[in-house]
Amino acid sequence: MIKPAGDGKIIYPLGVKEITDKISNDEVVKRLKLVVKTYMDMDQDSEEEKQQYLALALHLASEFFLRNPNKDVRLLVACCLADIFRIYAPEAPYTSHDKLKEIFLFITRQLKGLEDTKSPQFNRYFYLLENLAWVKSYNICFELEDCNEIFIQLFKTLFSVINNSHNQKVQMHMLDLMSSIIMEGDGVTQELLDTILINLIPAHKNLNKQAYDLAKTLLKRTVQTIETCIASFFNQVLVMGKSSVSDLSEHVFDLIQELFAIDPLLLVSVMPQLEFKLKSNDGEERLAVVKLLAKLFGAKDSELATQNRPLWQCFLGRFNDIHVPVRLECVKFASHSLMNHPDLAKDLTDFLKVRSHDPEEAIRHDVIVTIINAGKKDLNLVNDQLLGFVRERMLDKRWRVRKEAMMGLAQLYKKYCLHHEAGKESALKISWIKDKLLHIYYQNSIDDKLLVEKIFAQNMVPHSLETEEKMKCLYYLYACLDTNAVKALNEMWKCQNMLRGLVRELLDLHKLPTSEANTSAMFGKLMTIAKNLPDPGKAQDFMKKFNQVLGEDEKLRLQLEQLISPTCSCKQAEQCVREITRKLTFPKQPTNPFLEMVKFLLERIAPVHIDSEAISALVKLLNKSVEGTADDDDEGVTPDTAIRAGLELLKVLSFTHPTAFHSAETYESLLQCLKMEDDKVAEAAIQIFRNTGQKIETELPQIRSTLIPILHQKAKRGTPHQAKQAVHCIHAIFHNKEVQLAQIFEPLSRSLNADVPEQLITPLVSLGHISMLAPDQFASPMKSIVANFIVKDLLMNDRSVGNKNGRLWTADDEVSPEVLAKVHAIKLLVRWLLGMKNNQSKSANSTLRLLSAMLVSEGDLTEQKKISKSDMSRLRLAAGSAIMKLAQEPCYHEIITPEQFQLCGLVINDECYQVRQIFAQKLHVALVKLLLPLEYMAVFALCAKDPVKERRAHARQCLLKNISVRREYIKQNPMAHEYVVPYMIHLLAHDPDLTKPQDLEQLRDVKECLWFMLEVLMTKNENNSHSFLRKMVENIKQTKDVQAPDDPKANEKLYIVCDVALFVIANKSTSCHLDSPKDPVLPSNFFTPPDKDFINDKEYLSPEAKLVLQTGKIQQTGVLGAVNKPLTVAVRRPYIKTTTSDTGSNASTNSQPNSPATNKSRLLLFRISLLFFQCDVDFIQCSTQIDLFFGKKRAAPASDGTENSVSSNPSAGSQPPANKPRRGRPPKNAAGVATPDKEAGATTGGGVGRGRKRAAPAQDPDSTASADPIGVKTPKQQKEAEPKRATPQRQIDLQR
């Protein structure tokens, strides 16, 4: 029998018998229920009952009850004990600490019953919890030494039993119970803190979401109390490195993230510790902290960046971390930050800018992803600077980065500009994207080009749209593009059309019988097609396989033929692509690179945008713009812009899709455009007729009858461009073209009047193109026109006086009509000769001499000083371009003398910036198209003298492009482009600047020109090309100059240039002394054949010269002379008629206006012009007379350095010495100094240098030319210069 605890007698409530171990469990439960009810009904004021049942309270804490195996008994006892603590509060009836501990551990164990809410006893468990929470019974344990054990067990129990079936009351009581322990105790031990924090770890969080919520709420409620404990824990782990203080040490960063999400106040003292960790020497540790802070700063409602600026700035510093993963994590964070905290964009921009240039590809890639993702969410989240970073990355060296940047911007464009998801303001903000994307088409990489085509078809003008919507999109896109983007888009269509043509030719070859020639032709086509696909190496193999499949599968060939057919519609094209793809698909292959390559080809050749229906829709849009009913203003363009752009678009498409235009409706609309006042619109309309109207005459007679008078009118009285297109249109689409052209030619030829130059330009253009297109029909009448009018009346006469504003160039609309007429007259001469394509009449020789004379006289052919400087620049450009144009025809190239070639080449060093610029561009285009012989590439070497850095850079790019094109074209002769060196050496030897071959500064200039070309040629030493170059130059030293084989000074110049070239080659290459792979063959029209008896082993460079060439520095004697070197150049040496022994030179004079030499030369010129161009004199006979004046042969320039000297006393009436004439520029070292008071009396028509040194300052294009030198002379220099001040100077033009 169990004895009652204590000495007192146990009194049971009324009706309850004694509870002993002799009774059954059921009976114990029955009696305990009554006891429970009794205690439940008692309150703290029942002093009598409290005393009465004290013994029972002590008895219920006996071993029998606390260790009873029956859970119902234990539950009832726990309820009784909880009530006892409530009734006897604040003093418990149990005085033993051990007993108290045992009781609370017993009660805690019973709380596990809360887990099952469906249990019949759940209400009693809930009562137990409620009672304990309400009374805060566990606070009694604070008096116990090991109370922490009880609290830990309690917290673990409550967190383990909480689940989603509990209602809000259960959670509230648990919170009350635990929060009272935390808030009313002396502190929270680490073990107890761990029982709370462990529920925040992701692994536990996912297992029991309710426990996480309970811990979260508990921490929020107790933040003020528990914050110090949390700070202590993190301080020990983060700062002191004591990971052993807790099992959660390895989860500190996860905990910080969760605690911050719960309440940032929990981490007030922890954040400074993170700043310390950000500066750790351990990269992995920094990475972990960065990952954590990225989540904290990037959280949606986080204000950490504004509340803790030092930590934010420290975190931003990690964008420049040495550890790649740290930088990568920072960049990834920026995306969330931009989306959730737009106010931080300003802070992030500078760091993202640096990372956008990170050496790591992955980081640059993620910068783009970050910005684009933010922009997709809301365009306002990314500023213009951030979008600028993405734009820059479109030119990244890595394809993955470029692709991401281009695709990202394309998606933004489609979302905001095409679909207008954020209004017009956002669309305007990124309106530049369309232009920049298309600019990428200029890149050399085929991957870039293919991606631009894909973007255009999917994002800019989606091919999936209906035809009308698609064409409207294209129509207004084209109207809004900038000039370069338009050119790129045109080039894209041109390339696609070219590829369609190659595939069409390949299919045509399949129709021919098998032969070796056919197989070889197929192989060539396949190689060309492969170059237009990604990874040309693999593409070649795949194209061979595709060609094999085409040969075996006739149905596949038919599908491909339909795809590239001019009549294929967009819908048919999509169907064909699907069919071809289906036939080439192999289901068992997860990846099929062969199919992917064929898809690339099909995407490029499939007409997914343009067909007859699309052209019709474009024409309708154009008509609406003309009528004023279109949405032009809504689309951001004016009606005039829309009409002009629409016509330009149709013009481009008429080249690539001419068949799609063939409809009466389309041509009727174009006829209306021809009647519009806008010259550009009418010009484009004519060109469209020219490109597409081959069937008009047979199938659309009504259109023909309306079109013919319009074309005649445009050819006679339209603009020059309209006239040109009208003549070509008549020639292209009408069968009776001879009659039509004659009806234009005859009235125009009769109406030519040089006294009205304004009405002369269009007739000259029309006559020139007619003579080029129908030379047999109009050869004889053109001879008379050229002899009697073009040369005699127009070119050899100056009727008006030009504007003497001193400028070297003026805008097109400011050029005088007479000079414009002369320019077009020169073009007429060239077109006439290009039409004849023969020199039987020797007309080309006379024309070349005329053009050379114009270059010699610097544009003022009559030397009457009536033409302004800007007009002279126009005529020099026209003359140089004309010679270059004639050189493109083989029959005329053969008769161009080296002197004429040199005169033409020197135009690239003209004093006028625009002349240099335009001439260089024309030269480049002709060379790239392989229209000009190799020697003309040597002209680019002279660009080293150009004072404008951009011009030199442009020339170098031209050289690189040309050599690349020629290297590709002549693969069987890999060193063909090296043969430009002999031409370059010869050209530099005849450079007018090379007057004193041993002058150190001139030698340095020669070296610069040589290296300008050699640097590009010597980039690679393929096939031992360096030794080939050396051998070539050495061979030149064993020859003589064809122009002056017996002139020792001329040959000395040649040998000196050779020695400079050898010096440069030897200094820049270590392998040039090896044996040459083959013996070079020198051009016979520039160098004499090598003489076996002539051995030239002399070294022409002094040791001082070699030192200057090595270092590039010349010893200066005066500081001011070195810094402020005058940039003016001497006037052109007068050209005078020589003695009978030298009648081959082109000679004239340039003395003072009243000198006998000047009057005599002008009189002679006038008489010869009358004799040469008499109406009844045949052109061939006249050319013999002009030879007496211009000469059939040119003498080499004098090399004594005196050819530019003039008399210091012009009033003495003495004639200047008959020095040999110069071509082009005078030597820059012979510069004199002109003074304002003497300039009025000096000649102004003399020649000047073309292109001075780079140090020349920029000249304002609107300012007048100054006669004063730019440089400042010392008194000694001024004294030396006094005798040379009689001639005016001209400065190099740097205007851009």
Side-chain angles (χ1 to χ4, degrees), residues 686 708-732 734 736-797 799 817-838 840-844 846-847 850-851 878 882 885-886 1169-1170 1172-1183 1186:
I686 297 173
I708 287 178
I710 297 177
L711 293 179
H712 280 230
Q713 188 269 335
K714 295 295 184 185
K716 294 174 184 176
R717 290 181 292 277
T719 66
H721 288 96
Q722 290 174 358
K724 170 187 173 181
Q725 295 302 332
V727 171
H728 281 269
C729 184
I730 292 171
H731 184 267
F734 296 122
N736 62 339
K737 62 188 76 172
E738 294 81 4
V739 176
Q740 301 288 343
L741 293 176
Q743 291 175 0
I744 298 172
F745 183 90
E746 292 172 4
L748 287 181
S749 61
R750 291 195 301 267
S751 65
L752 295 176
N753 184 0
D755 293 327
V756 191
E758 297 86 353
Q759 300 176 10
L760 199 56
I761 297 170
T762 296
L764 289 176
V765 172
S766 294
L767 291 174
H769 283 281
I770 289 173
S771 63
M772 183 174 67
L773 294 173
D776 296 336
Q777 183 182 357
F778 301 101
S780 297
M782 277 304 299
K783 280 185 182 180
S784 175
I785 293 173
V786 168
N788 296 326
F789 180 78
I790 299 298
V791 179
K792 175 185 173 183
D793 285 354
L794 190 56
L795 293 179
M796 303 295 284
N797 281 306
R799 288 173 167 77
E818 183 181 3
V819 170
L820 277 179
K822 289 185 177 184
V823 169
H824 284 286
I826 293 172
K827 291 182 178 180
L828 181 145
L829 286 173
V830 173
R831 289 169 185 147
W832 170 54
L833 292 174
L834 291 177
M836 289 194 301
K837 292 186 179 179
N838 67 74
Q840 294 176 0
S841 64
K842 304 298 181 183
S843 303
S846 299
T847 302
L850 180 69
L851 296 172
K885 191 73 175 178
L886 289 174
S1169 65
L1170 288 178
F1172 178 68
F1173 297 111
Q1174 287 296 327
C1175 296
D1176 56 347
V1177 178
D1178 185 79
F1179 192 83
I1180 303 174
Q1181 296 173 347
C1182 290
S1183 64
I1186 198 70

Heavy-atom closest pair, residues [X] and [Y]:
{"X": "Ala882", "Y": "Ile826", "value": "CB-CG2, 3.7 Å"}
{"X": "His824", "Y": "Pro720", "value": "CE1-CB, 4.4 Å"}
{"X": "Ala821", "Y": "Leu764", "value": "O-CD1, 3.4 Å"}
{"X": "Leu828", "Y": "Gly768", "value": "CD1-N, 3.7 Å"}
{"X": "Met782", "Y": "Leu767", "value": "SD-O, 4.4 Å"}
{"X": "Pro817", "Y": "Ile761", "value": "O-CD1, 4.4 Å"}

Calculate, to the nearest 0.5 Å, the distance between atoms [atom1] and [atom2] belonging to [X] and [Y] respectively.
{"X": "Thr847", "Y": "Leu833", "atom1": "OG1", "atom2": "CG", "answer": "4.5 Å"}
{"X": "Glu818", "Y": "Leu794", "atom1": "CD", "atom2": "CG", "answer": "7.0 Å"}
{"X": "Ile686", "Y": "Lys724", "atom1": "CD1", "atom2": "NZ", "answer": "12.0 Å"}
{"X": "Ser766", "Y": "Lys714", "atom1": "OG", "atom2": "NZ", "answer": "12.0 Å"}
{"X": "Arg717", "Y": "His712", "atom1": "CZ", "atom2": "NE2", "answer": "11.5 Å"}

Evaluate the criterion side-chain contact (heavy atoms from CB on, under 4.5 Å) for residue pair Leu829 and Leu850; output intermediate values, then yes/no. CA-CA 11 Å; Leu829 286 173; Leu850 180 69; 4.0 Å; yes
Would you please test Val727 and Leu711 for side-chain contact (heavy atoms from CB on, under 4.5 Å) and show each step? CA-CA 8 Å; Val727 171; Leu711 293 179; over 6 Å; no
Please assess His769 against Gln725 for the test side-chain contact (heavy atoms from CB on, under 4.5 Å), listing each intermediate value before the final yes or no. CA-CA 9 Å; His769 283 281; Gln725 295 302 332; over 6 Å; no
Determine yes or no for a side-chain-to-main-chain donor-acceptor pair under 3.5 angstrom, with [X] supplying the side chain and [Y] the backbone.
{"X": "Asn753", "Y": "Leu760", "answer": "no"}
{"X": "Ser784", "Y": "Pro781", "answer": "no"}
{"X": "Thr762", "Y": "Gly718", "answer": "yes"}

Between the side chains of Gln740 and His731, is a donor N or O closer than 3.5 angstrom to an acceptor N or O?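 His731 and Gln740 do not have a side-chain donor-acceptor pair below 3.5 Å.
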Might you work through the side-chain contact (heavy atoms from CB on, under 4.5 Å) test for Asp793 and Arg799, ending with a clear yes or no? CA-CA 10 Å; Asp793 285 354; Arg799 288 173 167 77; 4.2 Å; yes
Are the side chains of [Y] and [X] in contact, using a 4.5 Å heavy-atom criterion?
{"X": "Val739", "Y": "Phe734", "answer": "no"}
{"X": "Thr719", "Y": "Val765", "answer": "no"}
{"X": "Trp832", "Y": "Ser843", "answer": "yes"}

Distance-only donor-acceptor hits, side chain of residues 741-752, under 3.5 Å, sequence neighbours excluded:
from: Ser749; atom 1: OG; to: Phe745; atom 2: O; distance (Å): 3.1
from: Ser749; atom 1: OG; to: Glu746; atom 2: O; distance (Å): 2.8
from: Ser751; atom 1: OG; to: Pro747; atom 2: O; distance (Å): 3.2
from: Ser751; atom 1: OG; to: Leu748; atom 2: O; distance (Å): 3.1

